[in-house]
Amino acid sequence: MSEPRPVRVRIAPSPTGLPHIGTFRTFLFNWLFGRQRGGTFVIRIEDTDRERLVPGAIDALLDAVEWFGLDWDEGPRKDGPYAPYEQSERLPLYHRYVAQLIANGKAYRCYCSTERLEKLRSEQQARKEPPGYDRLCRDLTPAERATREAEGAPSVVRFAAPLDGSTTFHDVIHGAITWENRVLDDFVILKSDGFPTYHLAHLVDDHEMEISHVLRGDEWISSTPRHVLLYQAFGWEPPIFAHLPTILGPDRKKLSKRHGPTGIAAFQEAGYLPEALRNYLALCGWSPGTEQELFTLDELIEQFDLERVNQTGAIFDHAKLDWFNGMYIRALPPEELARRLRPFLGYASVTLPDADLTAIAALFQDRLRTLSEITELTDFLLTDDVHYDAAALVPKGVTSEQMIPALERSRELVASFDPFEAASLEAAFRTLSDELGLKAGQLFMSIRLAITGKTATPPLFDTMVVLGRQRTVDRLAAAVARLRSGTP
RNA sequence: GCCCCCGUCGUCUAGUGGCCCAGGACGCAGCCCUUUCAAGGCUGAGAUCGCGGGUUCGAAUCCCGCCGGGGGUACCA
């Protein structure tokens, strides 16, 4: 029963908001699966809900996909043999299929008002019955229908679902899933505004576009029986289904804005590398069965296996994402890291030569978990505003009378030292601290504070070299002046 | 309410009847390295495998019941 259909997969986002991290996990899995099978990857825009449309959402999504580092073969900005790829431009197609269903007695027009439907629902709830359409219009006589049409009554089209029996489908991840048909009602397939519902539109398009595998979030499991019934009504073979586990918030509810920023743009702005996010997301619901955690895209394509996707929802773990991000940052060549860091330094870096930025990148590479952290870490390099408490220049058990000459001599040493290079500087300063009767750590910490305003920085002499001789000298001089004028 | 899905360390997971008094990773703690902070290395704490019954010489793994969580129950996707 295995059919050698070429693999064609898709993601079908609806432009009703900003692109969401969960969408990208689904996107990734589809893409990996498609690439692994040498298949075709399609993006289709499901814009049938005219009321929730968000302007610019499609571009935001496509931009985010490109940032994420994946591509698509057919869809917006690409075109393809099954164009158009926006459902709002495919209305005649849906209408044709709806007409076919009505002609075959598989669907019917329903004239029930929203008010009647709401009343019906609340009565059913009061009686503790399962809510659902009572099929009032299903058995209207042709004469009755003609009357309603003549009156110009608004209508929707409903699918005439079977009243008994059961529907079973096979899911790659969950196995066989069976529903009793009687719990399904006659759901709407064409809305009164002439737009199809998701149930009809996605299915017609998946068929028309010859989609072979549908990998989607598991919140769709409960509507899949309806889809299977529709496929049967059309006489079409359904695609292979795989329902992916949900990404959850810390409260085990579906991840949403309530849990903080979930838009893909927020991750970009926070300084996450697309390759790190991909790696993390790949492991969110899938595992290779080995102890490998770090994967290149090619390894992911090679090893990804739908059969090994979990059935359980996974809580989104920011801390682990941070770890991945740090690993990927450290693996970058410093020049490349510098290139990625530049947008996060903003105005302060516009005149900074690439070589200087590369030196900065190398200095902080081990200390970054996200790119955006660079801003705070490097403020002392990009501006001359260095703030600190002068009293902290003096270590415990040392007097300011000792520290003034110590910092003065440090200034002189920096001013005249040649070559201005970290290892030799360190050797010279160790000698100096001995002469001054200070522990190296004491002298170094005092200098560190004086030139950076911070007590935690990269190694002192590497920092000096990047700061530059003149600025180092100036800041040491400023520190001496502050100690001289300050309280003892 | 009804229907469906799910249930292994805090989190992501490995595990498909004996190799598991449960392995890895993140996080956490400690130690080492060290001029601070990181990075790196090592060590450790952390799971009565949701609960209760079975089946079996033997169960996280099979069966039944229960409980818990999630999703659906729209002219939203």
Side-chain angles (χ1 to χ4, degrees), chain A residues 12-17 46-49 51-52 110 112 114 117-118 121 124-125 127-133 154-158 171 173-174 177-180 182-185 187-193 195-199 201-202 216-225 243 245-246 248 250-254 280 283-294 308 310-324 326-327 330 364-369 377 426 429-430 433 439-449 452 454-461 463:
Chain A
S14 58
T16 54
E46 309 222 318
D47 53 353
T48 55
D49 184 348
E51 288 176 15
R52 295 201 306 152
C110 165
C112 292
T114 322
L117 260 19
E118 274 166 17
R121 216 170 354 250
Q124 287 167 328
Q125 271 159 5
R127 274 180 272 132
K128 302 217 183 278
E129 287 170 9
Y133 181 57
S155 64
V156 299
V157 175
R158 290 180 182 275
D171 183 284
I173 295 163
H174 295 272
I177 297 176
T178 299
W179 292 64
E180 296 299 322
R182 60 183 166 72
V183 306
L184 268 17
D185 68 351
F187 56 95
V188 174
I189 56 176
L190 191 72
K191 300 185 257 189
S192 56
D193 65 1
F195 278 79
T197 61
Y198 168 84
H199 300 305
H202 95 279
R216 78 227 297 193
D218 63 9
E219 69 268 24
W220 291 107
I221 289 180
S222 48
S223 35
T224 304
H243 287 94
T246 315
L248 308 171
D251 56 0
R252 291 218 157 266
K253 297 214 185 345
K254 204 169 154 184
Y280 172 71
L283 260 16
C284 217
W286 170 76
S287 114
T290 64
E291 292 182 353
Q292 184 176 0
E293 300 254 346
L294 264 4
R308 291 194 58 88
N310 289 301
Q311 303 174 312
T312 321
I315 294 176
F316 191 83
D317 185 356
H318 251 288
K320 187 145 188 178
L321 204 213
D322 284 350
W323 176 78
F324 274 109
M327 294 299 278
R330 264 162 257 137
F364 290 96
Q365 187 155 24
D366 283 350
R367 271 150 273 258
L368 294 170
R369 268 151 54 252
L377 257 17
E426 177 174 348
F429 270 89
R430 285 189 185 279
S433 67
K439 288 183 192 156
Q442 293 179 314
L443 210 220
F444 292 2
M445 187 51 91
S446 189
I447 296 173
R448 168 176 290 113
L449 189 65
T452 69
K454 298 178 194 298
T455 54
T457 72
L460 185 59
F461 304 101
T463 304

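In the text below, chain A, chain B and the rest are named by the order of the sequence lines, each starting its count at 1.
Ring pair A/Tyr198/A/His202 is parallel by interplanar angle, where below 30° counts as parallel and above 60° as perpendicular.
Residue A/Pro459 is classed as a base contact, given a heavy-atom separation below 4.0 Å to a base. No engagement by A/Arg216 is indicated, since no non-hydrogen atom pair under 4.0 Å with the nucleic acid exists. As judged by a 4.0 angstrom heavy-atom cut-off over every strand, A/Thr16 is placed among residues making no nucleic acid contact. Counting any heavy atom pair closer than 4.0 Å across all strands shown, A/Val156 reaches a base atom. A/Lys253 comes within contact range of the sugar-phosphate backbone alone, with a heavy-atom separation under 4.0 Å but no base atom that close. Here A/Ala440 lies out of heavy-atom contact (under 4.0 Å) with every strand. Using a 4.0 Å heavy-atom cutoff across all strands shown, A/Gly285 reaches sugar-phosphate atoms only and no base atom. Using a 4.0 Å heavy-atom cutoff across all strands shown, A/Asp49 reaches sugar-phosphate atoms only and no base atom. If you check every strand for non-hydrogen atoms under 4.0 Å, A/Ser433 touches nothing. When heavy atoms are screened at a 4.0 angstrom cut-off, A/Glu293 is found touching base atoms of the nucleic acid. In this structure, A/Arg252 reaches the sugar-phosphate backbone alone: every heavy-atom distance under 4.0 Å involves primed, P, OP1 or OP2 atoms, never a base. Across all strands shown, A/Thr290 has no heavy atoms under 4.0 Å from either base or sugar-phosphate atoms. The residue A/Leu460 sits close to a base: some heavy atom pair falls under 4.0 Å. Among the atoms of the strands shown, only primed sugar atoms or phosphate atoms (P, OP1, OP2) are found under 4.0 Å from some heavy atom of A/Asn310.
Distances were taken from every side-chain heavy atom of A/Ala319 (C-beta onward) to each of B/rU11, B/rA77, B/rG27; the shortest belongs to B/rG27. Comparing B/rA74, B/rA14, B/rC12 by their closest approach to the side chain of A/Lys320 singles out B/rC12. Side-chain proximity of A/Glu46 to B/rA38, B/rA77, B/rC26: nearest is B/rA77. Ranking B/rC75, B/rA14, B/rA38 by closeness to the A/Arg367 side chain, first place goes to B/rA38. Here the nucleotide nearest the side chain of A/His174, chosen from B/rC26, B/rC6, B/rG15, is B/rC6. Nearest nucleotide to the A/Phe461 side chain, out of B/rG23, B/rC37, B/rU35: B/rU35. Out of B/rG24, B/rC75, B/rG40, the shortest distance to the side chain of A/Arg330 is found at B/rG40. Distances from the side chain of A/Pro131 to the nucleotides B/rU35, B/rA74, B/rA14 place B/rA74 closest. You'll find that the side chain of A/Glu291 is closest to B/rG24, out of B/rG24, B/rU36, B/rC4. Distance from the side chain of A/Thr197 is smallest to B/rC76 among B/rC26, B/rU35, B/rC76.
Only the C1' atoms considered, B/rG52 is 34 Å distant from B/rG27, to the nearest whole Å. Using atom P as the reference point in both B/rU43 and B/rU36, the two lie 24 Å apart (nearest Å). Using atom C1' as the reference point in both B/rG72 and B/rC12, the two lie 26 Å apart (nearest Å). The C1' atoms of B/rA45 and B/rC28 are separated by 9 Å, rounded to the nearest whole Å. The separation of B/rC21 from B/rA60, taken at their C1' atoms, amounts to 13 Å, rounded to a whole angstrom. With P as the reference atom, B/rU61 and B/rC19 are 13 Å apart, rounded to whole Å. Annotation: B/rC26 and B/rA14 have their C1' atoms spaced 15 Å apart (nearest Å). Remark: the separation of the C1' atoms in B/rG71 and B/rU13 is 23 Å, to the nearest Å.
For B/rU35, the base has no donor-acceptor partner in the side chain of A/Arg430 [N/O atoms by modelled type, under 3.5 angstrom]. Checked by distance alone, A/Ser192 brings a side-chain donor or acceptor within 3.5 Å of a matching partner on the base of B/rC75.
Across all strands shown, B/rC62 forms a Watson-Crick or G-U wobble pair, both distances under 3.5 Å, with B/rG54. B/rA47 is unpaired under the criterion used here, namely a Watson-Crick or G-U wobble arrangement in which both key atom distances are under 3.5 Å. Nucleotide B/rA25 is matched to B/rU11 when pairs are restricted to Watson-Crick or G-U wobble geometry with both distances under 3.5 angstrom. Figure legend. B/rU36 is base-paired to no nucleotide; pairs are counted as Watson-Crick or G-U wobble with both atom distances under 3.5 Å.
One N or O on the side chain of A/Thr224 and one on the backbone of A/Trp220 form a donor-acceptor pair closer than 3.5 Å. Of the possible donor and acceptor atoms, none in the side chain of A/Asn310 sits under 3.5 Å from a partner among the backbone N and O of A/Thr312. Between the side chain of A/Tyr280 and the main chain of A/Asp317, a donor-acceptor pair closer than 3.5 Å is present. Looking only at distances, a side-chain donor or acceptor of A/His174 sits under 3.5 Å from a matching main-chain atom of A/His243. Here the side chain of A/Thr197 pairs a donor or acceptor atom with the backbone of A/Val188 at under 3.5 angstrom.
No side-chain heavy atom of A/Ser433 sits under 4.5 Å from any side-chain heavy atom of A/Lys439. Side-chain contact check for A/Leu283 versus A/Phe324: some heavy-atom pair is nearer than 4.5 Å. A/Cys110 places a side-chain heavy atom less than 4.5 Å from the side chain of A/Tyr133.
Between the C1' atom of B/rU13 and the CH2 atom of A/Trp323 lies a distance of 13 Å, rounded to the nearest Å. In this structure, CD of A/Gln365 is placed 14 Å from C1' of B/rG40, rounded to the nearest angstrom. To the nearest angstrom, P of B/rG70 lies 19 Å from CD1 of A/Ile177. Here the C1' atom of nucleotide B/rU73 and the CH2 atom of A/Trp220 are 14 Å apart, to the nearest Å. In this entry the distance linking CG of A/Leu294 with C1' of B/rC26 reads 12 Å, nearest Å.
Contact between the side-chain N/O atoms of A/Arg121 and the OP1/OP2 oxygens of B/rA74 is found at a separation under 4.0 Å. At the phosphate of B/rC76, OP1 or OP2 sits under 4.0 Å from a side-chain N or O atom of A/Lys191. Dashed line: the shortest gap from a side-chain N or O of A/Gln311 to OP1 or OP2 of B/rC5 is not under 4.0 Å. Contact between the side-chain N/O atoms of A/Thr48 and the OP1/OP2 oxygens of B/rA77 is found at a separation under 4.0 Å. Under 4.0 angstrom from either OP1 or OP2 of B/rG7 there lies at least one side-chain N or O belonging to A/Thr312.
Map A/Thr455 and A/Asp193 each onto its nearest nucleotide of RNA chain B; the residue landing nearer the 5' end is A/Thr455. The 5' end of RNA chain B is approached more closely, in terms of each residue's nearest nucleotide, by A/Pro245 than by the other of A/Pro245 and A/Thr457.
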Could you walk me through whether A/Glu293 and A/Lys320 pass the salt bridge (charged side-chain N to carboxylate O under 4.0 Å, His left out) test, one step at a time?
CA-CA 11 Å; A/Glu293 300 254 346; A/Lys320 187 145 188 178; 3.2 Å; yes
